[in-house]
Amino acid sequence: MSVVSESRVVRVLPDVPAIDKEFDYLVPDGMPVELGDVVRVDLHGRRVGGWVVALDVEPDPSVTLRALAKVSGRGPGADLLELAGWAAWRWAGRRAQLLRTASPTAVVQSFGRASIERADPGGPHPPTDPVLDRALSSDRAVLRLPPGADRYGLVRAAHLATDAGRQLLVLCPSVGEARDLASRLRRDRVRAVGLLGDVGGVAGGQAWARAHHEDVVVGARAGAWAPCPRLGRVLVLDEHDEGYQQEQAPTWHARDVVAERARRAAAACLLVSPCPTLEALDWGTLVTVPRGGERRGWPAITVVDQRRLDPALGPLFSPALVDLVRGEGRVLCVLNRTGRARMLACAVCATLARCEQCDAAVGQPEPGLLLCDRCGTERPTICLACGSTTLKSLRLGVSRAREELEALVGEPVGEVSGPGVDAGSAPDTRVVIGTEAVLHRIRGADAVAFLDFDQELLATRYRSAEQALGMLARAARVVRRRDGMGRLLVQTRTPDHPVIRSALQADPGHLVTSEVPLRQVLGLPPTTAMAVVSHAAAPDFIEALGQPLGVEVQGPVDGAWRLRAPDHETLCDALAAVPRPPGRLRVEVDPLRIWPGRSLVGHAVSAGFDPRKAHP
DNA sequence: CGGACAAGCTGA
DNA sequence: CAGCTTGTCCGG
């Protein structure tokens, strides 16, 4: 008996998505255990993984404890355990999900030995710059740097400005950018490590262990959970990028996670973007470069008013665009509509092409074939009203636009669309057309043309204006060259839109000025905090939620409810008070859309008809 | 999540 | 009433 009472007892959170509960276990004699360690335990007849979330706890005397089966390796430290608890509250998720992201993808036995001295960085030291100094001397700043600005110099300056012995954590929107930045820092003899983990964890074992004592740790979204025991400063590059938000619930945002993390560690946090989000501007002090510098950092932009069309060229190709693609140099054309044509009309009688089964507008995925997106019915290209086989596209998709563009320029035009992964798969033609993916897949070009920018400006996401400006900033980087900037061409029916004005005048402040009152009037974030609750268990969840003070419950629309509160404190406290009902449930805090996807397919599904089952 | 156990259904 | 399915509960 005395042996048992003297044994150590630890508290374990099992790595089982459906269990959000801690269990106590005995530590076998001589087994070294530390906070955050990854362990294996016997739970209800099966062996599962988990994390040690508390040491030396006083167990409930009414339960007989089992012993830890194994200590697998090191895991997230005490700071990250607490941060995961906070993030689970903030995004109404489970800690296990977040701790998995904060854990190495491979077993790590030890962190290795820390070297105390900081390596002397070689290479040219960045010149001191009053703007960077100002941004780096604040603990909560937002730096607005134009797309053409040198961000590597900023990273170097941030490294030098970080207290000796403390670490700099840098986040990039993509793994590729993080990899490039980490290797460039190492070439310049900065002690840096890139955390390039894929799904499931922040990094493989070796890099994860090294992050404990390198001076600079670079990562993408999951890098927010990098193990940095001596965190002194955080830098988030391209803070506006949507890649920082996790798509699956919990929909945590790396920017918000590191901002909270920095606060807890008394570290400085600097968000950087050519077009800072309203969320960022709400959080910290804005620092801008002098007007002239910002102006030089944006390329020349030609805006084409599509309301005045040349009928001979059709809706997508203005004379200015034709000049651009027939000129010299590499040109990328962006059209965010996949497929060939999304809507067609008869060339003879002008009747809209509809589905004979369900009446929805049909598209033309390939020549000669009409397809209904809603119910999957196909038919040959024929007008049901007059029998004509000549239909014309009302809304061209990328594939059809490529054919027309090729005819206009008289040379092959490549196409980039869909979620192709490897950058090497990009076509090497001089002119390339594609969805937004072209801007990610192709590294450099002389010009970028947006064929239908209203598609971006007027999208259904409430942040679409900010995202549209972000896309112009990305295009601006793609056309950045040694001899200055290339050209951007934007075709739109709303040439006075604040997004266009911001880019033309190189002043994203215009968009902020127009967007803030709009969000206030409509009660949209960041003026409010929102969540969307959906899937089978949503009705039970909403019933259990009731009517908490300060939380507005709207819906259901398509089986989803929208919750709105004045702030996250109110919203998240209310969500945390609800016991999770059994069944499939999605709680999306800070949703990208204020209502979930309202595609035709979505409607059909909610009406009890699943087109994917009807047409396998 | 997934095993345990209880309550409900079926067939001879 | 055995043998099986379906549902609810709970884990140290």
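Values reported hereafter were calculated over all heavy atoms of this structure, with side chains retained and with hydrogens, waters and symmetry mates removed. Throughout, protein chains are lettered first and strands after them, A, B, ... in sequence-line order, and every chain is numbered starting at 1.
Under the 3.5 Å distance criterion, the side-chain polar atoms of W561(A) are left unmatched by any main-chain donor or acceptor of Q554(A). Proximity of a side-chain donor or acceptor of D60(A) to a complementary backbone N or O of S62(A) within less than 3.5 Å is detected.
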Grab the N/O contacts between the protein and nucleotides 5-8 of chain C below 3.5 Å, and write none if there aren't any.
none

Below 3.5 Å between N/O atoms, which protein atoms pair up with nucleotides 1-6 of chain B? Just atom names and distances, please.
| from | atom 1 | to | atom 2 | distance (Å) |
| --- | --- | --- | --- | --- |
| dC1(B) | O2 | R46(A) | NH2 | 2.3 |

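Residue R221(A) is tested with Q245(A), Q246(A), H253(A) for a side-chain hydrogen bond (donor to acceptor under 3.5 Å, both in side chains); the sole match is Q246(A).
Contact check on D163(A) versus R233(A) returns no salt bridge, with no Lys/Arg side-chain nitrogen under 4.0 Å from an Asp/Glu carboxylate oxygen.
Note: CZ (F23(A)) to C1' (dG12(C)) measures 7 Å, nearest angstrom. Counting to the nearest Å, the P atom of dG11(C) and the CG atom of D15(A) are 19 Å from each other. Rounded to whole Å, atom C1' of dG12(C) lies 9 Å from atom CG of L26(A). Atoms CG (D42(A)) and C1' (dG12(C)) sit 11 Å apart, rounded to a whole Å. Rounded to whole Å, atom C1' of dC9(C) lies 18 Å from atom CZ of R580(A).
Counted within 6.0 Å of CD on E356(A), heavy atoms from surrounding residues, nucleotides or ligands total more than 12; the atom is thus considered enclosed. Atom CZ of R461(A) has more than 12 heavy atoms from other residues, nucleotides or ligands within 6.0 Å.
For W86(A) and W252(A), the ring centers sit 6.0 Å or farther from each other.
Across every non-hydrogen atom of A96(A) and L13(A), the tightest pair is N-CD2, 3.9 Å.
Checking the phosphate oxygens (OP1, OP2) of dC10(C), no side-chain nitrogen or oxygen of K21(A) falls inside 4.0 Å.
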